[in-house]
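By convention in this document, chain letters (A, B, ...) are assigned in the order of the sequence lines, proteins followed by strands, and residues within each chain are numbered from 1.
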Amino acid sequence: MAKKIKLSEITDMFKGMDVEAFEGVTIEGDIEIDLGGLGGGFDPMLAAALGQESAILAQHFARLAGMFGYPVGIGAPAAAPAVSPALAAPKFKDLIPAKFDVANIEEWTTQIQEVPIGNTSADGGSRGKRVMLGGEKALPFYFDAPMPNRNQVTIDVFDMRLGLAKAVKENYDDVMDDPGEWAKKNVEKFNADMITIHLISTDPLIKDTSPKDAAKTVEEVLQAVDVPIAIGGSGNPQKDPLVLAKAAEVAEGERCLIASASLNLDYAAIAEAALKYDHDVLSWTQLDMNAQKELNRKLMKQCNVPRDRIIMDPTTAALGYGLDYAYTNMERIRLAALMGDDELTFPMSSGTTNAWGARESWMVSSPLGQDSDWGPREYRGPIWEIVTGLSLAIAGNDLFMMMHPTSVAVLKHITQTLFGTIEAEPIDIANWIGAEV
Amino acid sequence: MKINSPLEAYKYLPQTNCGECGEPTCMAFASKLIDRSEKTADCPPLVKEKKYAKKLAELDRLLAPEIRQITIGVGERAANIGGDDVLYRHRLTFFNKTKMFFDVSDTMEEAALIERVKKIADFKKFYVGRNLLLDGVAIKAASNDPAKFAAAVKKVAEIGLPMIFCSYNPEVLKAGLEVAKDKNPLLYAANQDNWKEVGELALEYKVPVVISVINDLDALKSLAKTFAEAGIKDIVLDPGTCPTGTGLKDTFTNFLKIRRAGIMGDGDIAYPIMALPVTAWMAGISDPVSASYWETVMASVFTIKYGDIMILHSLEPYATLPLVHLAETIYTDPRTPVSVDGGMYKVGEPDKDSPVFFTTNFALTYYTVESDISANGIVCWLLAVDTDGIGVEAAVAGGQLTAAKVKDAFDKAGFDLKKDVNHNTVIVPGLAARLQGDLEDTLGANVKVGPMDSGRIPGWIEKNWPPK
Ligand code: B12
Ligand code: SF4
């Protein structure tokens with residue numbers, strides 16, 4: 001016969017003993033348990049009858065009872081089990097089964113606009129391929145909905161030799177006087193999905209190159225490579241509209257990305273040129289979601305730019321220099337878009353190269369004596385660009401304007417891994433503790 | 001948190017508006033509880049008076065973060081992890097930066113072991129007025145020998161950083177616990193084979209414990225639930241970190257799912273999550289720089305998406321510098337820009353001939369300027385104008401940095417340009433050049449425009465100081 005015992009008796013029994021496990025445990029009601037039934041492990045029937053917690057408690061008691069020599073069940077051993085003392089008195093019997101479940105986000109109702117860049121011969125252009133941005137229905141790489149288009153990287157070309165961080169310059173020194181060769185190298189050697197040609201020499205404070213000369217450079221680049229291209233001005237708000245309009249004209253029909261329309265220049269002129277000659281518009285604002293809405297609205301309503309020709313650049317601040325703002329700005333823009341704010345449902349682009357402005361990416365060593373050694377800068381720069389870009393990829397950015405070849409390669413590898421297209425041999429990670437590193 | 005309006009918290013407060021908490025009213029205090037800038041312990045009556053005990057307990061329960069907060073280690077470098085209430089930082093803020101633990105092995109030579117641990121302990125990167133640090137040491141029982149492991153633990157424990165004990169062998173973990181009883185290490189790990197024994201250890205030594213189940217969230221939850229029911233509260237979840245390919249994508253998905261479920265109220269799995277970017281070194285990447293890069297990349301992904309603690313290998317500066325900055329980036333409080341107090345600061349021991357500069361109180365701006373000046377041995381007065389923590393250019397654009405504000409800052413600091421210095425001159429940031437005329441009028445002083453970047457101040461001073 002199994003011994004029957006009441007829970008209250010057990011509590012009393014242990015009162016005088018130093019058993020911490022019972023501190024703070026109060027038993028409500030007085031349940032009678034058949035200790036005999038507990039010998040063989042967790043009893044689901046008992047659990048059902050008592051409720052999970054009391055059942056565990058009861059088991060607990062039973063084990064302790066056994067340990068203290070209280071006869072439990074039929075022929076239960078009175079002696080303590082022969083395990084090392086600390087591992088004695090196992091408090092666990094069986095796993096409590098559980099099912100993991102999590103819902104998709106219901107509020108993500110709206111798809112991001114798909115925007116193509118580049119026209120192939122089928123579209124009336126001469127590009128060898130077109131890249132497609134956007135189309136997401138969830139945050140990037142999330143399981144809620146598959147991401148339709150992978151991230152793309154466009155590598156910078158400048159229309160003149162300029163000062164660059166040493167680690168970057170090394171890669172381009174031989175082509176810096178020839179934008180066409182530079183573009184070719186980016187595509188053939190560094191695997192660029194696109195090229196950005198920056199017409200910085202047009203700046204009145206730099207060389208004040210004419211819009212016509214700038215347009216020639218654009219033609220050169222279009223001849224040199226057949227990937228889609230982005231065309232950027234010098235950032236001078238008076239001159240950019242003129243330069244970009246001329247560039248748009250010579251690139252007619254190629255569906256380039258014209259960078260950029262912003263609130264502090266004649267965005268209407270840029271939009272008009274883009275529409276007239278079949279291009280996309282980069283809508284650039286500075287870390288301000290409301291300004292981004294305003295500019296997008298103006299482009300759509302006032303300038304009649306169709307939705308499938310707008311890409312946003314909400315500004316990239318480098319790691320350590322405002323990335324917290326840039327990250328959250330993008331994440332908020334993307335979340336608002338997914339939840340239906342149709343002034344923000346556009347793909348995003350990042351001037352990831354800004355990472356090279358961070359001291360940590362280019363300075364030889366720390367200017368501060370108390371810092372730990374910063375190590376070789378040729379390895380710091382690329383990873384600074386990667387981490388800046390990767391953070392924004394996770395926030396929702398689609399297109400990356402980058403510079404260092406290593407940064408491009410690694411950013412592509414990780415974003416495509418999260419996108420799901422990189423296959424790899426499965427690795428047995430269970431034995432990482434013993435693995436050689 | 002189970003409540004989200006001050007009104008709901010107010011119900012549990014004494015409602016006497018006694019002011020002891022430093023807030024004018026209980027309602028004001030209630031709103032601080034909701035934004036988590038104050039704790040119930042900051043209301044003395046609530047804590048001291050017996051009659052409020054029940055309310056206090058209930059309020060603490062309601063205010064407890066969705067994701068459990070856990071402490072690893074002891075003393076001033078103890079590491080807190082978890083404690084989050086939101087999925088996106090802008091919805092409140094994330095609490096408790098991702099903690100970076102670096103691996104050592106019990107098979108290392110003693111000298112090498114100590115050197116590595118010291119390197120971890122001594123790492124420092126100055127950033128906006130404080131040092132970014134590395135957090136702890138993960139000791140791997142590669143030997144699987146209890147005595148060897150205990151010896152390594154003993155050495156590491158002396159340095160004082162929080163520790164993770166890494167072994168699936170309960171005997172080994174126990175040996176480590178015996179020599180570091182009061183150090184509150186994190187046990188790695190209980191898995192589907194050893195969970196009973198490791199669970200016992202966590203209970204007996206009252207230490208936090210990792211539950212590790214690779215790629216099986218049902219089983220992970222089941223173990224977590226079993227541990228919780230047995231009275232283990234300090235649990236960390238390791239759903240496995242695969243370093244490459246679709247395995248890594250699955251890991252990412254697991255992290256997202258666990259955290260979403262936890263924040264949405266599934267208490268059985270609402271624990272901090274551990275990532276193991278160290279597995280990058282198992283991916284067969286041949287050169288060490290590439291392997292280190294990949295480890296950093298993995299660590300970045302999981303710093304952003306919900307990794308609360310991680311084990312890493314590379315101590316190269318190109319690995320540690322971006323990581324400490326990224327954790328800082330994701331975990332700074334977006335509700336308030338990091339700022340310094342407005343006021344007059346001395347760089348060195350300035351006198352009546354020393355130059356007077358001003359800048360803003362945005363921490364990044366202030367410390368950049370301050371360190372550029374002091375590192376070059378320039379002795380001066382440096383006024384931090386309170387611009388609500390906005391940098392120079394944005395503050396000029398946004399109206400927080402005006403001539404009136406600058407004058408106000410001088411007045412508040414009790415600094416008189418006509419008496420406290422001989423030259424009656426102030427140097428403004430190049431990016432605030434447009435304030436020059438206004439400033440001359442309001443201050444009645446000479447106003448000189450400095451360089452755009454404070455890094456050029458030394459060269460500028462050489463040419464322009466003392467003023468002619
Ligand atoms: C981060 C940022 C923000 C953050 C500000 C965060 C903060 N706490 O400051 C947020 C998102 C809030 C923001 C908002 C705005 N911003 Co903003 N922002 C930037 C950004 C990306 C970086 C600024 C920064 O932090 N720099 C780093 C710090 C350390 O620089 P700093 O304070 O200027 O200090 C340096 C120098 O001034 C100098 N220095 C400082 N003190 C002293 C003292 C002396 C004596 C000397 C000699 C030198 C010196 O040395 C320092 C180190 O180099 C810049 C663009 C860019 N990449 O520069 C735009 C930028 C500053 N913003 C701009 C604008 C217009 C705004 C807004 C008005 C609207 C908008 N479009 O977003 C608002 C205004 C907000 C407000 N004032 O309330 C413009 C300003 C344009 C202009 N010149 O008028 C910029 C340049 C962007 C642009 N190209 O349009 N912004
Ligand atoms: S100390 Fe407590 S009781 Fe007094 S005002 Fe503050 S919240 Fe109210």
J.: So, B/Asn194 and B/Asn169: side-chain donor and acceptor under 3.5 Å apart, yes or no?
T.: no
J.: Looking just at side-chain N and O atoms, do A/Asn264 and A/Ser262 make a donor-acceptor pair shorter than 3.5 Å?
T.: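 A pair is found: one side chain offers a donor N or O, the other an acceptor, under 3.5 Å apart.
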J.: Below 4.5 Å, heavy-atom pairs only: which of A/Tyr327, A/Tyr142, A/Trp432 has the largest tally toward chain B?
T.: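 Counting heavy-atom pairs under 4.5 Å, the top option is A/Trp432.
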J.: With chain A, which of B/Thr368, B/Leu326, B/Thr279 has the greatest number of heavy-atom pairs at distances under 4.5 Å?
T.: B/Leu326
J.: Identify which part of A/Ala430 has an atom lying under 4.5 Å from any heavy atom of chain B, answering side chain, backbone, both or neither.
T.: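 Contact with chain B: backbone and side chain both.
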J.: Which bit of A/Ile383 is near chain B, if near means a heavy-atom gap under 4.5 Å: side chain, backbone, both or neither?
T.: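 It is both, since atoms from each part get that close.
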J.: Select, from B/Gly247, B/Cys166, B/Gly199, the one with the greatest count of heavy-atom pairs under 4.5 Å involving chain A.
T.: B/Cys166
J.: Can you tell me which portion of A/Glu425 sits under 4.5 Å from chain B's heavy atoms? Options are side chain, backbone, both or neither.
T.: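 Backbone of A/Glu425 only, per the 4.5 Å heavy-atom cut-off to chain B.
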J.: A side-chain contact here means heavy atoms from C-beta on lying under 4.5 Å apart; do A/His413 and A/Thr417 qualify?
T.: yes
J.: Just so I understand: if I count every heavy-atom pair under 4.5 Å between each of A/Asp101, A/Ile105, A/Thr406 and chain B, which residue has the most?
T.: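 Counting heavy-atom pairs under 4.5 Å, the top option is A/Ile105.
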J.: State, with a plain yes or no, whether a side-chain heavy atom of B/Ser314 is found less than 4.5 Å away from one of B/Trp281.
T.: yes
J.: Does either side chain, that of B/Glu178 or that of B/Tyr205, offer a donor lying less than 3.5 Å from an acceptor on the other one?
T.: yes
J.: Are B/Arg89 and A/Glu331 close enough for a salt bridge, meaning some N to O gap below 4.0 Å?
T.: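 Answer for the salt bridge query: no.
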J.: Check A/Trp374, A/Tyr379, A/Trp384 against B/Tyr318 for a ring-ring contact (aromatic ring centres under 6.0 Å, His included) and give me the one that passes.
T.: A/Tyr379
J.: So what's closer than 4.5 Å to chain A heavy atoms on B/Thr246: side chain, backbone, both or neither?
T.: both
J.: Measure distances from B/Asn215 to the heavy atoms of chain A and classify the residue's part below 4.5 Å as side chain, backbone, both or neither.
T.: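 Contact with chain A is absent: no heavy atom of B/Asn215 under 4.5 Å.
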J.: Which of the residues A/Pro382, A/Ala395, A/Ala393 is involved in the greatest number of heavy-atom pairs with chain B at under 4.5 angstrom?
T.: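 Top option by heavy-atom pairs under 4.5 Å: A/Pro382.
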J.: Heavy-atom distance under 4.5 Å between the side chains of A/Lys412 and A/Val408, does that happen here?
T.: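 Yes; the side chains approach each other to less than 4.5 Å.
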J.: Between B/Leu364 and chain A, with a heavy-atom cut-off of 4.5 Å, which part of the residue counts as in contact: side chain, backbone, both or neither?
T.: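 The answer is the side chain of B/Leu364.
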J.: Contact part of B/Tyr88 toward chain A, heavy-atom cut-off under 4.5 Å: side chain, backbone, both or neither?
T.: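 The answer is both parts of B/Tyr88.
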J.: So do the side chains of A/Phe400 and A/Ser407 get within less than 4.5 Å of each other, counting heavy atoms only?
T.: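 No - every pair of side-chain heavy atoms lies 4.5 Å or more apart.
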J.: Under a 4.5 Å heavy-atom cutoff, which of A/Gly375, A/Gly434, A/Gly320 has the most pairs with chain B?
T.: A/Gly320
J.: So which of B/Lys249, B/Arg91, B/Gln192 has the biggest tally of heavy-atom pairs under 4.5 Å with chain A?
T.: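 Ranked by heavy-atom pairs under 4.5 Å with chain A, first place is B/Lys249.
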J.: So for B/Thr241, is it side chain, backbone, both, or neither that comes closer than 4.5 Å to the heavy atoms of chain A?
T.: backbone
J.: Shorter than 4.5 Å, heavy atoms on both sides: which option in B/Asp122, B/Asp103, B/Val301 has the most such pairs with chain A?
T.: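 If we count pairs closer than 4.5 Å to chain A, B/Val301 comes out on top.
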J.: Given heavy-atom pairs under 4.5 angstrom as the criterion, report whether the side chain, backbone, both or neither of A/Thr388 touches chain B.
T.: neither
J.: Select one option (side chain, backbone, both, neither) describing which atoms of B/Ile214 are under 4.5 Å from chain A's heavy atoms.
T.: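 Side chain only.
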J.: Report the relative orientation of the aromatic rings in B/Phe227 and B/Trp195; use parallel for angles under 30°, tilted for 30 to 60°, perpendicular for over 60°.
T.: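 Ring orientation, 0 to 90° scale: tilted.
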J.: When you compare the side chain of B/Asn191 with that of B/Val198, does any pair of heavy atoms fall below 4.5 Å?
T.: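 No, every pair of side-chain atoms sits at 4.5 Å or beyond.
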J.: For B/Leu132, is it the side chain, the backbone, both, or neither that has a heavy atom closer than 4.5 Å to a heavy atom of chain A?
T.: neither
J.: With B/Lys257 as the cation and A/Phe143 as the aromatic partner, state whether NZ or CZ is under 6.0 Å from the six-membered ring centre and within 45° of the axis.
T.: yes
J.: Side chain, backbone, both or neither: which part of B/Tyr293 has an atom under 4.5 Å from a heavy atom of chain A?
T.: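 B/Tyr293 touches chain A through backbone and side-chain heavy atoms alike.
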J.: For A/Arg377, is it the side chain, the backbone, both or neither that has a heavy atom under 4.5 Å from a heavy atom of chain B?
T.: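 For A/Arg377, neither part sits under 4.5 Å from chain B.
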J.: By a 4.5 Å heavy-atom criterion (distance strictly below it), what part of A/Leu411 contacts chain B: side chain, backbone, both, or neither?
T.: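 When you check distances to chain B, no heavy atom of A/Leu411 falls under 4.5 Å.
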J.: Among B/Met298, B/Lys119, B/Lys305, who wins on heavy-atom pairs under 4.5 Å with chain A?
T.: B/Lys305
J.: Please work out which of the three classes, parallel, tilted or perpendicular, describes the rings of B/Tyr188 and B/Tyr168, given edges at 30° and 60°.
T.: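 It falls in the tilted class, 30° to 60°.
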J.: Which bit of A/Asp144 is near chain B, if near means a heavy-atom gap under 4.5 Å: side chain, backbone, both or neither?
T.: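 Interface part for A/Asp144: side chain.
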J.: At a heavy-atom separation under 4.5 Å, does B/Ser167 approach chain A through its side chain, its backbone, both, or neither?
T.: backbone
J.: With respect to chain B, which residue among A/Gln286, A/Gln416, A/Gln370 yields the maximal number of heavy-atom pairs within a distance under 4.5 Å?
T.: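 Highest number of pairs under 4.5 Å: A/Gln370.
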J.: Examine whether an atom of B/Ile232 lies under 4.5 Å from a heavy atom of chain A, and if so say whether it belongs to the side chain, the backbone or both; otherwise answer neither.
T.: side chain
J.: Whether the B/Arg335 and B/Thr93 side chains hold a donor-acceptor pair (N or O, under 3.5 Å, no angle test) is what I'd like checked.
T.: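 Looking only at side-chain atoms, B/Thr93 and B/Arg335 do not form any donor-acceptor pair under 3.5 Å.
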J.: Give a yes-or-no answer on whether the side chains of A/Arg359 and A/Ser366 include a donor-acceptor pair shorter than 3.5 Å.
T.: no
J.: Using heavy-atom distances under 4.5 Å, tell me whether A/Leu287 contacts chain B through its side chain, its backbone, both, or neither.
T.: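 No part of it gets close to chain B.
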J.: Answer whether the closest heavy-atom distance between the side chains of A/Leu335 and A/Leu139 falls below 4.5 Å.
T.: yes
J.: Roughly how far, to the nearest 0.5 Å, is the CG atom of B/Asp268 from the CG atom of B/Leu220?
T.: 11.0 Å
J.: Under 4.5 Å from any heavy atom of chain A, what part of B/Met264 do you find: side chain, backbone, both or neither?
T.: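 The side chain, not the backbone.
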J.: A/Ser391 versus B/Thr329: any side-chain heavy-atom pair under 4.5 Å?
T.: no
J.: Which answer fits A/Tyr321, side chain, backbone, both or neither, if we ask what part of it has an atom under 4.5 Å from a heavy atom of chain B?
T.: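 Contact with chain B involves both backbone and side-chain atoms of A/Tyr321.
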J.: By a 4.5 Å heavy-atom criterion (distance strictly below it), what part of B/Pro334 contacts chain A: side chain, backbone, both, or neither?
T.: neither
J.: Report which part of A/Glu360 has an atom under 4.5 Å of a heavy atom belonging to chain B: side chain, backbone, both, or neither.
T.: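 Just its side chain gets close to chain B.
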J.: May I ask you to test the B/Lys140-B/Val104 pair for a side-chain heavy-atom distance under 4.5 Å?
T.: no
J.: How are the rings of B/Tyr331 and B/Phe94 set relative to one another: parallel (under 30°), tilted (30 to 60°) or perpendicular (over 60°)?
T.: tilted
J.: Checking heavy atoms, do the side chain of B/Ser371, its backbone, both or neither come under 4.5 Å from chain A?
T.: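 The answer is both parts of B/Ser371.
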J.: Please state whether the side chain, the backbone, both or neither of A/Ile433 comes within less than 4.5 Å of a heavy atom of chain B.
T.: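 Both backbone and side chain.
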J.: Would you mind telling me which of B/Leu276, B/Leu323, B/Asp216 has the largest number of heavy-atom pairs within less than 4.5 Å of chain A?
T.: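 The answer is B/Leu276.
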J.: Taking every non-hydrogen pair under 4.5 Å, which of A/Lys99, A/Glu436, A/Arg380 racks up the most with chain B?
T.: A/Lys99
